[in-house]
Structure formats: structure tokens, C-alpha cells
Number of protein chains: 4
Amino acid sequence: MIPEKENNRERILKAAEKIFAEKGYDASRIDEIAANAGVNKALIYYYFQSKYSLLEELFRRFFQESAAMLVSYVQHGGLDSTPSKKADQIFDTYFSYFEEKRDLLRIMLVESLKTGGDAPPIFKLVDFEDLVDEATITSIFDSGHYPSNNMDLRLVAEFFTGVIPMLCYVLFQDHWCRYFNVSREQLRSYFNQAMKLTHEAYHRAMRDQLSGESPR
Amino acid sequence: MIPEKENNRERILKAAEKIFAEKGYDASRIDEIAANAGVNKALIYYYFQSKYSLLEELFRRFFQESAAMLVSYVQHGGLDSTPSKKADQIFDTYFSYFEEKRDLLRIMLVESLKTGGDAPPIFKLVDFEDLVDEATITSIFDSGHYPSNNMDLRLVAEFFTGVIPMLCYVLFQDHWCRYFNVSREQLRSYFNQAMKLTHEAYHRAMRDQLSGESPR
Amino acid sequence: MIPEKENNRERILKAAEKIFAEKGYDASRIDEIAANAGVNKALIYYYFQSKYSLLEELFRRFFQESAAMLVSYVQHGGLDSTPSKKADQIFDTYFSYFEEKRDLLRIMLVESLKTGGDAPPIFKLVDFEDLVDEATITSIFDSGHYPSNNMDLRLVAEFFTGVIPMLCYVLFQDHWCRYFNVSREQLRSYFNQAMKLTHEAYHRAMRDQLSGESPR
Amino acid sequence: MIPEKENNRERILKAAEKIFAEKGYDASRIDEIAANAGVNKALIYYYFQSKYSLLEELFRRFFQESAAMLVSYVQHGGLDSTPSKKADQIFDTYFSYFEEKRDLLRIMLVESLKTGGDAPPIFKLVDFEDLVDEATITSIFDSGHYPSNNMDLRLVAEFFTGVIPMLCYVLFQDHWCRYFNVSREQLRSYFNQAMKLTHEAYHRAMRDQLSGESPR
DNA sequence: TATGAATGAGTGTTCATTCAT
DNA sequence: TATGAATGAACACTCATTCAT
């Protein structure tokens, strides 16, 4: 009831997200996270096992929240029935979600680029199988409308020419504006045009292929 | 001509590139680079100012080499005159170059994602102005054929829907194959299709727009 | 009568004894003792002043129990009147008591070896003056039968050639069996022979000296 | 040639020996060892892998030195041919060596009392097989003169009724004097008497058994 | 050029102990 | 009595960097 009296655990996570995003995981210091959360350093180890488990908790929450968002989005009839509008909607939704979670996504991309570990966490952005039920996935990707033998192609295309460009746009836009001396609005407009000409072209091609495959 | 001597500096750089690629910049240790180069740790500081300047030198060489490659490519008449074939050629050339320099590009992307510092080094992949002469740039991007008021759009599109997808493909392909259980060949084929349907569509659109703009 | 209640203090002490014995005092952690006792960590500080006072309480109880054992042993006429048999009896009694309290004795010896603090607690093993009444001491050590001017010698001899070897035997027997590849029974037999040939020889000598001193 | 310009490595080891002996291994702090050696803390890690490897090096040197001492002692005709005198000589030699190495022996006994690890290092005090050649061992223990089937008994007796009492005497003498209010000389005299009456009795018994076994 | 030795400033983590309730 | 949360002071160990030769 007292939203000000936020849990210290939450404050720690929020601080970690901020510091990790600013400096990268490796260069982030527990001391700084503690200071930023206004908390004793040892308290971090009261709530979390290690520096890395802070990161894991952030990722865990992100994917949990993403899944919840997708489900609620679908259930509340958010999706238009016209395929092209549907794609637009999904695009916009993703876009604002990416903007909102920019800091965490930055960390996630960096961690995904480390060769050593497990699967890059970023793959989960297009692979929700263990996060969301079958029906939702079907509804979102509308996979019934796509040539069924092209599931893998779909995944590859969505990831490398849809998610990745959007993600990198979100992560690099500020630097880009400064470096190339454009306004955010201009850049956004360019990026939208580029996506229309590329990724949307792909969606159109997919639909065409489909209607050619099973006409009438 | 005495390859054994005089090349401690090179051995250090080679070792740095290897260790950086294996562990990422932050997690790499000067000790390990020295050991890997078969050289005393202090010698690294004789040749280089700091750990970071090792990275800078690697980046510097990379861009220098890229530029040289571009120039020689253009000069030796490598580029076909048909626009669509030309694009294909550039695509393939970039592709194999990215594959070859994958390790360094991985580090470069990670460093580019850090918010603190200067301009992301990765922007240089589409901004050769201070690396290559005007004529070469013109020749490569054939910018004369593009609507002149769309230079910025061109840059945005090339970067976010061309370079970035290709780069991420090169960096993530191994993990993708393992995670989604596809062969490298299959994945490559999917990726090529996706790029054809997206980035190439953009190039086509650009040419169409151009011929519409200045017909006859 | 409600054994479930009221005994958190006991549970803590029991857990402390176990953990201390397993890891030694220094390496034992209050957290682990609390967990092992099924009790909140702070409760330990409700019942005890500090980690060290846990140890002190364990030592205190040990000596109290030892004293009680000695007294009851003497009072119930446990001791034979023949000196040599009496010595045997005491030897065996000590032996099994040491075996039983092995873990605590190990800690006590370690603490006794620290140079910094007070008197080594282990000295109390031969100095019961403030634990047991005079009569019992007299009865046990039969000091009336020993040359009165040799009280200190008696103490030294009992401690360094009686108590200490027995204690170390109890503490090292398992490791010895493994290291020298002997069975426990064999080792025990050797040790008994060795003690017969040494410590018992001393007791015999003492008695001889006594009968020579005050014959008839 | 400049004995003052002692190696920092040696200074570190000397300091470690001192601090370990004063506080025990666990309670000793690397910072304090560094300060005591007049050396930067990081230098300790330049010469040694870890805190524990400091201890290992100290033990290694001790046993190496012990072995060298034994060998030189035997080779320089130090040992009398009369068995009883020989035993006395060995006793005295051990005694002064133990006094000299008291600090390290204290640490070694404490470490030997830890149940977790390998074999107690203290066992090496009676098991020189891998430190010294066969001939020296034979000469020292005169094992040819002892009943050959009692080798294990001999080891047990020497360790628990010879080495251990002497060691504990050396480690506890100061505390004993303070606690029981005796002078060092008095205590030493008592201890010598006690050892004569016990351990020496054992040696005598052994010789008697031998002469009975193989007379003439 | 080259190196063995040396160091200041951290670095994540631990732990006995205390506090508020 | 009992507990979840909180903390100060370490602690072993690391690492980029420098120095003397």
C-alpha cells in the first residue's frame, strides 16, 4: 500500500539493471550497485547468491513479463484480423516494449555475444515455446497462414531481419543521432521506411506465396 | 625477412586478438596475452600504452584493411555494372570478410554496445569517409544512382537492415544451429532467402524509385 | 516434560558441537549452526553472547560432566583396591570417555594450541581442583600413596605420558590406520602394549619408590 | 654474498611462519604477513599461489631440512654404539630440533588435527621413507636390533609415547609453567624424569626382548 | 628491447553480530 | 522467544600498470 516503501530487493534489482546497462556486466561493480540502491553491499548477498544471479533474475523477470504481455495482448483481442495490420500492430507493440526495456536488452545482447556459455538468451525473443502456450504462439505468428514447410525460414527471417534490426535500432539510435547529426524523429522516420521496404516486403512475400499455394 | 625477430609487437597483437575473441575484452587478462605471445608482460607496455590501446590498434588495423580491400576491389574492376549483380557481389564480399574477421567483429559489437564511451566503432562499417577517397565511395554505393535526397535513409537502411543482420548472422550462426538443431548449410540457405526477400527488396525499390524519379 | 519446547538452546549447543567437530572452530559458521539446529541465526545471539561463548559452554559442560562422572565412579565403589588394577580401571574409563567425547576433545586440543589466549583448556584434564572435592581427588590419584614431594612430577608425568598419548591416539587412530594400513584392532593392540611398556612402567616405578620410602 | 639483502620471498616465508604460529593458520591474515615481511600484499601472490601454499612450502622445507639433518647426523658418526646412549643422543637431538622449530610444529599439529584433509603431516615425523635413504633409517632406528616382527609396534610406540609427549611438552611448556607456577628448569627436570620412566623403559624392554629372542 | 620484481587500488564475497518487530 | 532484514569490517585474491636493471 505504501509504494514508496519499496522493497530493498527491488531497489537492488533496479540498480543492477541500470549499472549493468551503463557499463556492461563485467565492468559493473557490486559496490556501485549497492550505492545506487542505497543499500549495504552485504545485503545484495542476502538476497542474491552472486553478481551473476542478479543478471539471471533480471532475465528471468524479463521473459516472464514478455510472456504475460503477449498472452494478455492476444486475449484482449488486441490483434486485428487483417494480416498486414496485424503485422503492424505487432511491430509497434514490440517496438515500444523494446524501447521500454532497452537497458536490459542491451545487457542481454552483450551476454548473448559471449561465446563461452549456453544458448544466447536473446534467442528467446523468437522462441517462446516454454514461456507461452501453443494457442498464443499460433495466434501471434499466425503460422497456420504460412507455408507450413517454412517454419524454420520464418524464424530465421523474423529474427535476423525483424527483431535484430529493431533491437539494434533501439540500442544505437542515440549514438546514431549524435554521430550522424540527425534528429531522433528523422532517424525514426528513416528506420520505419527501411523496415517497410525490407521486413514488410518479406511479410508480403510470405502472404503472396501462401495465397499462391492454397488459392481461393 | 627475419620473421623470428622484430615481430614481438605483432605476436602481442595476434595474441591479444585471440584472447579478446575468446573471452571478450573485459575478461581478458594482460598476463594471458603475454603468455600467449611468449613475451614478458612488461613488454606489452613498452609497445602499447594500455590494455585498451591494444584493442584500438586492432580496430584501427581492421578498418585500414577494410578500406584497402574496398579500394583494390573497385580498382581491379571487381564490380559488375549491372546494379543487381553489383549488390550481390558486394553482399558476398562483405559476407566472407565478416566471416574471416568474426572474432574481432564480435568484440567490436560488444564495445559498441557500451553506452559510456565515444561513438560506437561499428558505425565505421558504413561510414568510410575518412578511410577511403570519395571516388571509391561513389563507385561502391553508386550513390549517383540513388535519389540524392535520400542519402541518410540509404545509410540507415544499409546499416540496420543490411550490415547488422549480416553481422549478427555471422556472430550467432553457430549457436543458432545448435539451439534450433539446423545444419549450417540449411541456416545459410534460410538466411540468404530472408535477405533476398528483405534487403534486396529494398535495393530493388531504390532502383525503381530512381528510375521513376529521373526517367528517360 | 515437553521435549519439543524449551530446548532450542540445547538444539543450538548440539548443532554447535557437531559443526565445530566437523570443521573446527574457526571454519565453522554461525549460519550453519543455526541451520543445523533448525533455528533462526539471531536466536543464537539471544541465548549466547558470541560464537566463542558457544565453545566455552561446551567446554564448561564437558568438564562438569567429567567431574560428575569421576565422583559417581568413586562413590559407587568402582575402583578396585589393588593399585595396578585401579590404574587399569582408570585407564579404561578415561579411554572410553575420550572416545565418546572425541570431537570436543579435538577442538579443545586445537584451541589449547593457540598461543594467544588464556590457559590451555586441556590442562583441566589433569587439574580438577575447582571441579571436584578434595576427597575424590585423593581417592582417584591415591596421592597419599605417592611420595608427597613429587606431586608436580606426578602431574607432569600423568599429563605428558598418560593423558596426551591417549588423547592423541583417540584423535589420530583413524588417520593412522589409513596411512599405515593397519586395522583398528591391530593398532589398538599396539597402543595398549606401548602404554603398558611406558606409562604403566611409570606407575610401577612410582609404587616401588613409595614402598622403598615408607616400608612396612 | 650480501646476507642482509635477503630475498623478499624468504622474508615472506619467515613472516608467514611467525604469524601462523601466533594465531593459527585460519586466523592469520595475508595482510598481516605482508606487513610483517615489509612487503606489498600482492607480492605474496607473485611468489605463492595461495595462502595455503605458503603453509605447504613451510612444511616442505621443514621435512627437507629434517631429513638433511638426520643424514648428516648419521654420516658424521654422531651416533654412539651403545644402544642406551644412542637413544639418549637421539632424544636430545630431537628435543633441541623441536625447540628450534616449535612454531612450525605448532602449526603442523593443528593442521594434523583437522579431520578433512589428507594424511596428518605430523605422521612424517616417524615415517621418513620418502625423505631419507634406507641405510640412514636402519642406522637411526637400529631396526636390525629390534624384533623384526614388531616394526609396527615400534612405530606406534615411538610416535605416541615418544614423539608426541616431547612435542606437546615443547608446545605447552610455557603455558604449563605459568598455569602451575613452576620454573622452566623444574618442569624440564620433571619431564625428563617422566620420559626416563616411561619411554626409556620401553626402549629397555625392547632390547631385553631382543636379547631374549636371539641370544648369543 | 626485454624482463623479473613490485605495487595500489580494487573485487566479489563472507561473516559475526545487531536491529526492528 | 523468535525472526527476517540489515551491516561494518574484513578477506583472500586479482590485475593493469610501473620500476629497476
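All chains are named by letter (A, B, ...) in the order of the sequence lines, taking the proteins before the strands, and each is independently numbered beginning at 1.
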Roughly how many Å is it from CZ in Phe48(A) to P in dT13(E), rounded to a whole number?
-> 13 Å

Map Tyr25(A) and Ala42(B) onto DNA chain E by nearest heavy atom, then report which one ends up closer to the 5' terminus.
-> Ala42(B)

So what is the end-to-end bend of the helix from dA2(E)-dT21(F) to dT21(E)-dA2(F), with 5 pairs used at each end and the value given to 10 degrees?
-> 30°

Round to a whole Å and report the spacing from CG of Asp26(B) to C1' of dT14(F).
-> 15 Å

Assess whether one donor atom and one acceptor atom, taken from the side chain of Lys51(B) and the base of dT17(F), lie less than 3.5 Å apart.
-> no

Distance check: side-chain N/O of Tyr47(A) vs OP1/OP2 of dG4(F), anything under 4.0 Å?
-> no

Testing Lys18(C), Lys23(C), Lys41(C) for salt bridge (charged side-chain N to carboxylate O under 4.0 Å, His left out) with Glu32(C), which one passes?
-> Lys23(C)

Proximity to the side chain of Arg29(D) - top-ranked nucleotide from dT7(E), dA12(F), dA2(E) = dA12(F)

Between Glu17(B) and Lys14(B), is a salt bridge (charged side-chain N to carboxylate O under 4.0 Å, His left out) present by the stated rule, with each step listed?
-> CA-CA 5 Å; Glu17(B) 186 170 0; Lys14(B) 197 158 275 174; over 6 Å; no

Check whether any side-chain N or O of Tyr52(C) sits under 4.0 Å from OP1 or OP2 of dA16(E), and answer yes or no.
-> no

Record whether the side chain of Lys41(C) comes under 3.5 Å of the base of dT3(F) through a donor-acceptor pair of N or O atoms.
-> no

Between dA6(F) and Asn8(A), is there an OP1 or OP2 to side-chain N/O distance shorter than 4.0 Å?
-> yes

Are Lys124(C) and Phe59(C) in a cation-pi contact, defined as NZ or CZ under 6.0 Å from the six-membered ring centre and within 45° of the axis?
-> no

Starting from P on dA9(F), measure out to CD1 on Ile30(D) and report it in whole angstrom.
-> 22 Å

Between Ile44(A) (CD1) and dA5(F) (P), how many Å, whole number?
-> 16 Å

Arg106(D) side chain to Lys114(C) backbone, donor-acceptor under 3.5 Å | no

Any donor-acceptor pair under 3.5 Å joining the side chain of Asp31(A) to the base of dG10(E)?
-> no

Would you mind telling me which residue lines up with the more 5' stretch of DNA chain E, Ala27(A) or Tyr46(B), judged by nearest nucleotide?
-> Tyr46(B)

Closest heavy-atom pair and its distance - Ser53(B), Phe48(B) | OG-CB, 3.6 Å

Identify whether any heavy atom of Ser28(C) sits under 4.0 Å from a base atom; if not, whether one sits that close to sugar-phosphate; answer base, sugar-phosphate or nothing.
-> sugar-phosphate

Flag the pair Leu105(B) / Phe62(B) as yes when at least one side-chain heavy-atom distance between them is below 4.5 Å, and no otherwise.
-> yes

Below 4.0 angstrom from OP1 or OP2 of dG8(F), is there any side-chain N or O of Asn40(A)?
-> yes

Taking side chain as C-beta onward, heavy atoms only, is Tyr47(D) less than 4.5 Å from Leu13(D)?
-> no

In whole Å, what is the span from the CD1 atom of Ile33(B) to the P atom of dC15(F)?
-> 12 Å

Separation of dA6(E) P from Leu43(D) CG (nearest whole Å) = 5 Å

Using a cut-off of less than 4.0 Å, is there contact between a side-chain N or O of Tyr45(D) and OP1 or OP2 of dA6(E)?
-> no

Heavy atoms of Leu109(C) and Phe172(D) approach each other most closely as CD1-CZ, 4.0 Å

Roughly, in whole Å, what's the span from CD in Gln49(C) to C1' in dT17(E)?
-> 12 Å

Quick note, Ser50(D) side chain, CB onward, closest among dA5(E), dA2(F), dC13(F) is dC13(F)

Euclidean distance, atom CD of residue Glu32(B) to atom C1' of dC15(F) [Å, nearest integer] = 13 Å

